[in-house]
Q: 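To start, I am sharing the structure in question, which I have written as structure tokens.
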Amino acid sequence: MESLYKSETGKREILNLYNQKLKDLNINYQNHEIETAFGKTNVIVTGDATKPPILVVHGSNGCAPIALEAYSGLESHFQVFAVDVLAQPNKSAETRLSMKNEDYGKWLHEVIDILELKNVTLAGFSFGGLVILKALEFKDANINEVFLTAPAYIVNGNPLQALFKVFIPMKRFMKSKKTKYVERFLKEVFTEKDDFALQFLSTVFLHFKMDFTPVPLINRREANAIKTPITLITAKNDLMFPGEKMIKRANRIFPSLKKTVLLKHSKHVQNRNDNKRIVNLISDEFE
């Protein structure tokens with residue numbers, strides 16, 4: 001299988017940034033490397049083992065340390081399992097799964113089973129939301145509740161806006177290596193400035209073969225079959241997956257939709273205050 005990294009040097013640069021972010025979190029953690037049918041999967045575990053388990057799933061072109069930062073505070077209420085999604089710039093295998101079949105769902109359930117997690121809560125952002133919804137489509141068993149933040153797979157934004165505000169700046173950076181194009185992209189997607197995101201994504205755009213496959217949408221039949229309680233957190237100014245549009249469709253298709261939250265001042269990637277709000281929302285459900 002051809003590597004998703006364009007060079008070994010580029011791979012080292014990305015993984016060095018991964019390790020630096022994990023170190024900067026200043027948390028006690030354990031690394032678990034498990035073998036699944038789809039390839040090696042890396043999981044970072046933190047928090048109190050006597051507390052309920054929660055598994056957090058990062059977004060596209062991300063990694064487990066980024067998810068741990070976004071969901072910082074959950075470790076006070078849960079044992080937190082942050083998974084490196086396959087075929088992303090992280091420490092898991094480079095096996096690229098299809099978004100059109102059950103593979104992501106099968107993979108995540110296999111991770112849950114190997115870790116021997118019971119009645120686990122799932123929380124995911126963006127592409128991580130798609131992975132979680134795929135797991136619910138595959139089977140509801142052993143999943144207690146899910147919290148989805150700006151998830152992919154429910155609605156898509158305006159493709160022309162995405163083209164001009166996201167993909168063209170990305171491509172211009174890849175060609176010119178001028179940081180201003182990444183900054184332009186980040187300004188459209190991130191609610192607040194993130195220096196690590198600038199450094200990490202600049203490196204990923206140059207050294208990693210990203211997946212530009214169009215994101216599919218869950219159909220009504222599949223959504224209707226889900227029984228697990230879903231809390232949906234959306235962002236009003238989300239270019240990728242517009243919040244108000246998402247809430248309207250989610251209310252129509254998910255019978256298990258428990259709660260919806262619209263972050264009125266947020267773009268696709270939340271700021272620190274909204275991340276704290278999300279963590280509190282999740283934690284309050286288990287008080």
Side-chain angles (χ1 to χ4, degrees), residues 10 13-27 44 56-74 82 84-85 88-90 123-129 148-152 157-158 161-208 210 233-244 246 261-282:
E13 284 186 35
I14 290 170
L15 293 182
N16 284 342
L17 288 169
Y18 178 113
N19 291 332
Q20 186 60 53
K21 170 56 72 176
L22 185 54
K23 181 181 178 182
D24 289 346
L25 293 176
N26 195 27
I27 58 173
I44 301 171
V56 298
V57 191
H58 63 78
S60 182
N61 299 316
C63 58
I66 292 174
L68 286 170
E69 181 177 53
Y71 292 105
S72 176
L74 284 181
D84 276 331
V85 178
Q88 299 291 329
N90 56 44
F125 164 74
S126 191
F127 182 72
L148 309 176
T149 303
N158 184 308
Q161 282 194 334
L163 175 66
F164 285 104
K165 294 183 176 182
V166 176
F167 295 108
I168 287 178
M170 191 187 301
K171 291 290 188 180
R172 283 182 174 172
F173 169 73
M174 292 164 74
K175 188 174 182 179
S176 69
K177 298 184 182 178
K178 291 181 179 178
T179 304
K180 68 178 181 179
Y181 292 117
V182 185
E183 291 173 336
R184 193 174 295 174
F185 156 81
L186 292 176
K187 190 175 179 181
E188 297 293 342
V189 178
F190 280 65
T191 308
E192 68 184 3
K193 188 176 180 182
D194 186 325
D195 291 335
F196 178 78
L198 175 62
Q199 188 178 14
F200 187 74
L201 289 175
S202 296
T203 309
V204 169
F205 292 165
L206 290 178
H207 299 295
F208 190 78
M210 293 173 289
I233 301 122
T234 73
K236 183 177 175 65
N237 302 315
D238 191 338
L239 178 73
M240 309 297 293
F241 313 120
E244 291 170 316
M246 189 185 301
V261 176
L262 179 67
L263 303 174
K264 294 182 180 178
H265 305 290
S266 181
K267 297 179 183 178
H268 181 59
V269 181
Q270 293 69 48
N271 61 22
R272 280 166 286 190
N273 286 336
D274 279 332
N275 281 337
K276 287 178 184 175
R277 182 179 171 189
I278 292 164
V279 166
N280 288 338
L281 188 154
I282 297 170

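Model, not experiment: these values are computed from the prediction.
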Q: Mind checking the OG-CG spacing from S126 to N61? Nearest 0.5 Å is all I need.
A: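 Here the interatomic distance stands at 9.5 Å.
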Q: Going through the checks in order, is the side chain to side chain contact (heavy atoms under 4.5 Å, CB included) test met by F173 and L206?
A: CA-CA 8 Å; F173 169 73; L206 290 178; 3.6 Å; yes
Q: Measuring only between side-chain heavy atoms, which start at C-beta, is E244 closer than 4.5 Å to L262?
A: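 A side-chain contact under 4.5 Å exists here.
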Q: Can you give me the closest heavy-atom contact between K267 and A235, atom names plus distance?
A: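 It is O-CB, 3.2 Å.
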Q: Say you draw a straight line from CD of Q88 to CZ of F127; how long is it, rounded to the nearest 0.5 Å?
A: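 Q88 CD to F127 CZ: 5.5 Å, rounded to 0.5 Å.
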Q: Report yes if the distance between the aromatic ring centroids of H268 and F125 is under 6.0 Å, otherwise no.
A: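 Yes, the ring centres sit under 6.0 Å apart.
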Q: Would L198 and F190 count as a side chain to side chain contact (heavy atoms under 4.5 Å, CB included) here? Give the steps.
A: CA-CA 10 Å; L198 175 62; F190 280 65; over 6 Å; no
Q: What is the minimum heavy-atom distance between D238 and A150, and which atoms define it?
A: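 Taking D238 first and A150 second, the nearest heavy atoms are OD2-CB, 3.5 Å.
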Q: Kindly determine whether V269 and T191 satisfy side chain to side chain contact (heavy atoms under 4.5 Å, CB included), including the steps that lead there.
A: CA-CA 6 Å; V269 181; T191 308; 5.5 Å; no
Q: Can you name the nearest heavy-atom pair linking Y71 to T149, along with the distance?
A: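 Heavy-atom minimum between the residues: OH-OG1, 4.0 Å.
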Q: Would you please say whether a donor-acceptor pair under 3.5 Å links the side chains of D195 and Q199?
A: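 Result is no, nothing qualifies.
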Q: Say whether, by atom type as modelled, one donor and one acceptor occur between the side chain of E188 and the main chain of V166 under 3.5 angstrom.
A: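 A pair under 3.5 Å: no.
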Q: Measure the CG-OG distance between L17 and S202 for me, rounded to the nearest 0.5 Å.
A: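 Separation between the atoms: 9.5 Å.
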Q: Please find the pair of heavy atoms, one from F200 and one from P89, that lie closest to each other, and give the distance.
A: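 Smallest interatomic distance, heavy atoms only, reads CZ-O, 3.6 Å.
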Q: Between M246 and P151, is any pair of side-chain heavy atoms under 4.5 Å apart?
A: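 They are in contact (side-chain heavy atoms under 4.5 Å apart), so the answer is yes.
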Q: Could you tell me the separation between the CG atom of L74 and the CG atom of N275, rounded to the nearest 0.5 Å?
A: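 Between atom CG of L74 and atom CG of N275 there are 10.0 Å.
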Q: Which atoms form the tightest heavy-atom contact between P242 and G157, and what is the distance?
A: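 Shortest heavy-atom separation between P242 and G157 comes out as CD-CA, 3.5 Å.
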Q: Could you work out, with side chain to side chain contact (heavy atoms under 4.5 Å, CB included) as the rule, every residue matching N158, not counting sequence neighbours?
A: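 Side chain to side chain contact (heavy atoms under 4.5 Å, CB included) check on N158 returns L160, Q161.
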Q: Can you check whether A64's main-chain N or O pairs, donor with acceptor, with D84's side chain at less than 3.5 Å?
A: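 Present.
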Q: Taking the side chain as every heavy atom from C-beta outward, state whether R277 and L263 have any atom pair closer than 4.5 Å.
A: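 In contact.
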Q: Per the side-chain hydrogen bond (donor to acceptor under 3.5 Å, both in side chains) rule, what does the pair list look like for residues 163-182, sequence neighbours excluded?
A: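 Output for this query is empty, none listed.
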Q: Determine whether more than 12 heavy atoms belonging to other residues, nucleotides or ligands lie under 6.0 Å from atom CZ of F164.
A: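 Not more than 12 within 6.0 Å, no.
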Q: Within the 4.5 Å heavy-atom criterion, are H265 and K236 side-chain neighbours or not?
A: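 A side-chain contact under 4.5 Å is absent here.
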Q: Would you check if M170 and M210 make a side-chain contact, meaning some heavy-atom pair closer than 4.5 Å?
A: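 Heavy-atom side-chain distance check passes, below 4.5 Å.
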Q: To the nearest 0.5 Å, tell me how far R272 CZ sits from E69 CD.
A: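 The distance works out to 8.5 Å.
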Q: Check the pair I282, I278 against side chain to side chain contact (heavy atoms under 4.5 Å, CB included), reporting the backbone distance first and the verdict last.
A: CA-CA 6 Å; I282 297 170; I278 292 164; 4.1 Å; yes
Q: What is the minimum heavy-atom distance between S266 and D274, and which atoms define it?
A: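 Shortest heavy-atom separation between S266 and D274 comes out as CB-OD2, 3.7 Å.
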Q: Nearest 0.5 Å, what's the CG-CG distance between L22 and L25?
A: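 Going from the CG atom of L22 to the CG atom of L25 covers 6.0 Å.
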Q: Between the side chain of N90 and the main-chain N/O of Y18, is any donor-acceptor distance below 3.5 Å?
A: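 No; zero donor-acceptor contacts below 3.5 Å.
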Q: One pair to check against side chain to side chain donor-acceptor pair (under 3.5 Å): Q20 and N16. What are the steps and the verdict?
A: CA-CA 6 Å; Q20 186 60 53; N16 284 342; over 6 Å; no
